[in-house]
Amino acid sequence: MKINRSIHNIVFVFTLLCLVVSCERGLSEDVQFATFPKNGDIFIDAPVSLTDEFFVSFDPAGGANPDGFGTDNNEAFQGTTSIRVDVPAPNDPAGGFIGGIFLDRGDGRDLTGFDALTFWAKGSTTATVGLVGFGTDFDQNKFAVTRENIQLSTDWRKYTVPIPDASKLVQEKGMFIFSAGTNSTNGFGFTFWIDELRFENLGTVAQPRPRIFDGQDIVQQAFTGTTLNVSGLSQIFNIADGSNVEVSPAPAYFNFESSNLDVAIVNESGEIQIIGEGTATITAQLNGVAAQGSMELTSVGSFNFAPTPTQSPESVVSLFSDAYTDIPVSRYNSFFEPFQTTLGGVLPIGNQSIISYTNLNFVGIVFNDVIFPAEAVSPVNATNLNTLHIDINVQEALQAGDRLLLQLTNYGSTETVGSYLINGSELQQDAWVSFDIPLSSFSGLSDRSRIGLLLFNSEDGPASPTISNIFVDNIYFY
Amino acid sequence: MKLKRNTKEMRVCSVFGVSLLSFLFFTSCNTDETQTVATFDNLVLEDNFDIDGQINRDIWNFDIGDGAAQGIPGWGNNELQYYTDRPENATTENGYLLITAQQEDFNGAQYTSARLQTKNKFQQLYGRFEARIRLPYGQGYWPAFWLLGDDSDGSIWPRIGEIDIMENVGDEPTTIFGTVHGPGYSGAESISKSYTLQNTRVDTEFHIYGIEWGPNYINYYIDDVLYNQITPEDVPGEWVFNDRPFYIILNVAVGGNLPGPPNAETEFPQTMLVDYVRVYQR
């Protein structure tokens, strides 16, 4: 097509091309007809081939209000009728938010010829609708796509939810999903209308930029036998009005890849199984476009968890343990400014978790209503408890002079601090050591009725830390 | 040198004229002597950019810098880029000319790009000028394919005339516009018309942008759509498009009065791809 001597030549060639293509299409025996309807209309002036329920609410037991949904013959962008949604106040006895899905009446539709879900909407006020999308069928939700926080106008406006990869949607039942509350209106209910809801082939949904792990390149230690998830899935498109639209596609739209199948395998749900020692990098593509973001995993073998606690749950007040229900804690890493250097915090490993501290000088586990008032939680009344349990695993070679001072602070009418010193000789590298420390051994801790801080301090003098890297687990009073 | 344009509605008679011309266009299969369009079929310039890594210097000059040396810092529009002739900003590859805008600190500018022109190498009065181009996208991009009149007689802009065959601002990925500037109708007063594509975009597909320019008319087209005709009746000043040859310019500006600066969502680098540039005479 490089020789276009004049414009009517172009027209001629195009016409010829069309003719030729048409002929081939008519004669080909390879044509496969779609098994499912290709109708993109969902609601025009009435629901189009949807189930009798039309609107399938989220579970009212979860707070969804099923009463605020209907149609409105007095409002329409085009035609006679629109969908009307009355968003309830949070304290509405029938449910504090509204949302649900529309399902195809049949076995699903072939949406491969479309590139976006579009609709017109209008609000009684300039509120935000928390979520719209498609692909949720209350079954597998395999190809769910959502767009968050669309801003309504008090006049009709068109909204676009791009389809990440329409070739996946050969039989889709989830035609529409929405969810709306009153976060944007200070708890005041409002109404919005939706009209001309359909899948369209716009031809202007472009510049796809998929992301995994929120576009970050993550480097992480992993342990054989555990499972991680590919998180932070998104895709940004540029649409006809020049704006960028971000959607959250389900994992099944992505093709995930592991660079080393002896170390990690990743399935279509984005679950990464660590199966051997070594390093593997997880990457992804969406419809042929490489996703920004990756995870480089290094497995040094199976994780050696601390011994499972044996105290009965009734006698335990747990700060951090997978064996018990923990009390509310505001911070597992205090990030005290300006002198704390300690990084880290809770580290999930498989379906369990530990606490990992790195670059330790001192760090607190904060569970009081004094230090950070904005995150106040109740301190522990340990008047009738007599022991603190903690498991410690040092992640470096131990040296002479290493020490770890544990301090408990009681926030009574005056603050009192009790201290207990663990010498390096009592700890081991890469092995768990369990301590059951009588609270009476925390010298200086006279009042135990409002204990709200556990501090780990490895310094043997100002700005002179000893042990820098530790795991801790199973921290509880009993 | 291009200045901000405003869109001016064509007069009713011109709209009718275009419709009539379009009608002739699409219905006639043979060249008709009475047509005033599509009669430029003598190819006089063609660059298909077919040699990798080599821009043909027999055709193209580079404008270098931020315009300060030319006496128009920011190229007259407060543009933000520094033009270079480095391969990072302009090269040929796989049969395309690539003009790439980069975000980088360079000689005091935050962006670099390229501007190629044919001054004193290829200049022509009248004819059909067209190029097949795919554009970048995003707030702040301002790509253009345009003509400036020869100034060797000492005349200065806008007396020399300017014919913008295609301009686009990157935050409007379906819309291009064609404009003329002359004395009494330059910058914000220029005569312009935009065209919005349906079901396609300027940054995902190649489109053919062109003019057919003869005595007292300039016809603008995109692909197979003639979307505007400008004649002396349409300009509120002297018609300066009958008296001197014009040269071709291809560039990607960044920022400036018309598109505004890039924002956090603007992707860099991005490239304008030119498949070919062709010029015909009668």
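Per chain, numbering begins at 1; letters A, B, ... match sequence-line order.
- Considering CG of A:Asn244 and CD of B:Gln139, their distance stands at 11.0 Å, rounded to 0.5 Å.
- Applying the 6.0 Å contact sphere to CD of A:Gln285 captures more than 12 heavy atoms from other residues, nucleotides or ligands.
- With hydrogens and angles disregarded, a donor-acceptor distance shorter than 3.5 Å links the side chain of B:Asn199 to the backbone of A:Leu202.
- Of all heavy-atom pairs between A:Asp241 and B:Pro173, the closest is C-CD, 4.3 Å.
- Residue contact with chain B, scored on non-hydrogen atoms closer than 4.5 Å, is absent for A:Ile236.
- With a 4.5 angstrom heavy-atom cutoff, A:Asn201 touches chain B only via backbone atoms.
- Looking at heavy atoms from C-beta onward, B:Glu267 lies out of side-chain contact with A:Gln207 at the 4.5 angstrom threshold.
- Here the CD-CD distance, from A:Glu246 to B:Glu265, works out to 9.5 Å after rounding to the nearest 0.5 Å.
- Of all heavy-atom pairs between B:Arg201 and A:Ala206, the closest is NE-CB, 3.2 Å.
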